[in-house]
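What follows is a single structure, written as structure tokens, with notes after it.
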Amino acid sequence: MKQPLILLTALMACAGAYATTPINGTVESKCIITTDTDGVYGNPSGDALSTEPADGGVTPIIRYDIVTADAYVAKITHPDSFSSSPSLTDTVTWTGDSEAGQMSDSTMSAFNTSKVEYNNTTEFDLSVAGSVWFEVTSEAEYGYEKAFPAGNYSAVVTAECIAQ
């Protein structure tokens, strides 16, 4: 009877203690996006709306503050529809563009030469740390020489910072 009791005690001593300890952390983006200038559509002709200053519009400007170079891609999408407008019965044709304008470092000019464009989206490899202001143009043409109905028109530019 002593031997099984000694064996059981020895097995329990070898089992040891056991614990799980969690490790938590928070990651904050090293890329900050701020709207610098809201866009405004000008109406240079009855069938066109444009953010170009020459057409009476205001070009939206979006500032990116890049803390860590080569860690993010800027993804800017110009509108391809109105978020609100009067009722439209014909087709609207959309065009637009995104360009790096003012920049805190002259080497950021490479953002424009290496940008990738598809559909209504432009991607910029944020390979240099600093601040850059992206100018986004948007133009909408209504039907074939058909005037836009009177009313308020709104559209949205989407700006993202995608971690690589």
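One is the number of the first residue; the rest follow in order along the sequence. Below, each value reflects all heavy atoms present in this structure, side chains not excepted, and no hydrogens, waters or symmetry copies.
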Who clusters with [X]? Use side-chain heavy atoms, under 4.5 angstrom, across I, L, V, M, F, W and Y, and order the result by chain and number.
X	result
Ile23	none
Tyr18	none
Val27	none
Tyr118	Val116

Excluding sequence neighbours, so at least two apart, what forms side chain to side chain donor-acceptor pair (under 3.5 Å) with [X]?
X	value
Asp47	Ser45
Ser131	Arg63, Asp65
Gln164	Asp125

If I take atom [atom1] from residue [X] and atom [atom2] from residue [Y], how far apart are they, to the nearest 0.5 angstrom?
X	Y	atom1	atom2	answer
Trp133	Thr37	CH2	OG1	11.0 Å
Thr137	Glu99	OG1	CD	8.0 Å
Thr121	Glu160	OG1	CD	8.5 Å

Please tabulate, for the side chains in residues 49-57, all donor-acceptor contacts under 3.5 angstrom to protein atoms that are two or more places apart in sequence or on a different chain.
unit_1 : atom_1 : unit_2 : atom_2 : d
Ser50  : OG     : Glu52  : N      : 3.0
Ser50  : OG     : Asp55  : OD2    : 2.9
Thr51  : OG1    : Ser138 : N      : 2.9
Thr51  : OG1    : Ser138 : O      : 3.4

Open item on the list: Side-chain heavy atoms nearer than 4.5 Å, only ILVMFWY residues, links allowed to pass through others: does that put Leu126 and Met103 together?
Closed with: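 As far as the 4.5 Å side-chain criterion goes, Met103 and Leu126 are connected within one cluster.
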Task: Sequence-distant partners of Asp97, salt bridge (Lys or Arg N to Asp or Glu O under 4.0 Å), two or more places apart - done: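 By the salt bridge (Lys or Arg N to Asp or Glu O under 4.0 Å) rule, Asp97 matches Lys115.
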Open item on the list: Tell me every residue that passes salt bridge (Lys or Arg N to Asp or Glu O under 4.0 Å) with Asp90, counting only those two or more places apart in sequence or in another chain.
Closed with: Lys146
Would you indicate whether the side-chain heavy atoms of [Y] and [X] approach each other to under 4.5 Å?
X	Y	value
Ile62	Ile33	yes
Val157	Pro79	yes
Tyr142	Pro149	yes

Distance-only criterion, 3.5 Å: show the donor-acceptor pairs between side-chain atoms of residues 106-113 and protein atoms not counting sequence neighbours.
unit_1 : atom_1 : unit_2 : atom_2 : d
Thr107 : OG1    : Asp105 : OD1    : 2.7
Ser109 : OG     : Ser106 : O      : 3.1
Asn112 : OD1    : Ala100 : N      : 2.7
Asn112 : ND2    : Ala100 : O      : 3.0
Thr113 : OG1    : Ala110 : O      : 3.1

Task: Backbone N/O of Gly130 and side chain of Ser104: donor-acceptor pair under 3.5 Å - done: no
Task: Side-chain (Ser29) to main-chain (Cys31) donor-acceptor, under 3.5 angstrom - done: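 Yes; judged by distance alone, with no hydrogens or angles, the pair exists.
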Task: Ring center gap for Tyr64 and Phe124 short of 6.0 angstrom - done: no
- [ ] Could you point out which residue of Thr34, Val136, Asp36 forms a side-chain contact (heavy atoms from CB on, under 4.5 Å) with Ile61?
- [x]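 The passing option is Asp36.
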Open item on the list: Before you tell me yes or no, could you show the steps for Phe82 and Tyr153 under ring-ring contact (aromatic ring centres under 6.0 Å, His included), namely the whole-Å CA-CA distance, both residues' side-chain angles and the distance that decides it to 0.1 Å?
Closed with: CA-CA 7 Å; Phe82 291 113; Tyr153 291 79; 5.1 Å; yes
Task: Which atom of Trp94 lies closest to which atom of Ala155, heavy atoms considered - done: CH2-CB, 4.4 Å
Task: Which atom of Pro86 lies closest to which atom of Gly151, heavy atoms considered - done: CG-CA, 3.8 Å
Show which side-chain atoms of residues 67-75 pair as donor or acceptor with protein atoms under 3.5 Å away, not counting sequence neighbours.
unit_1 : atom_1 : unit_2 : atom_2 : d
Tyr72  : OH     : Lys30  : N      : 2.9

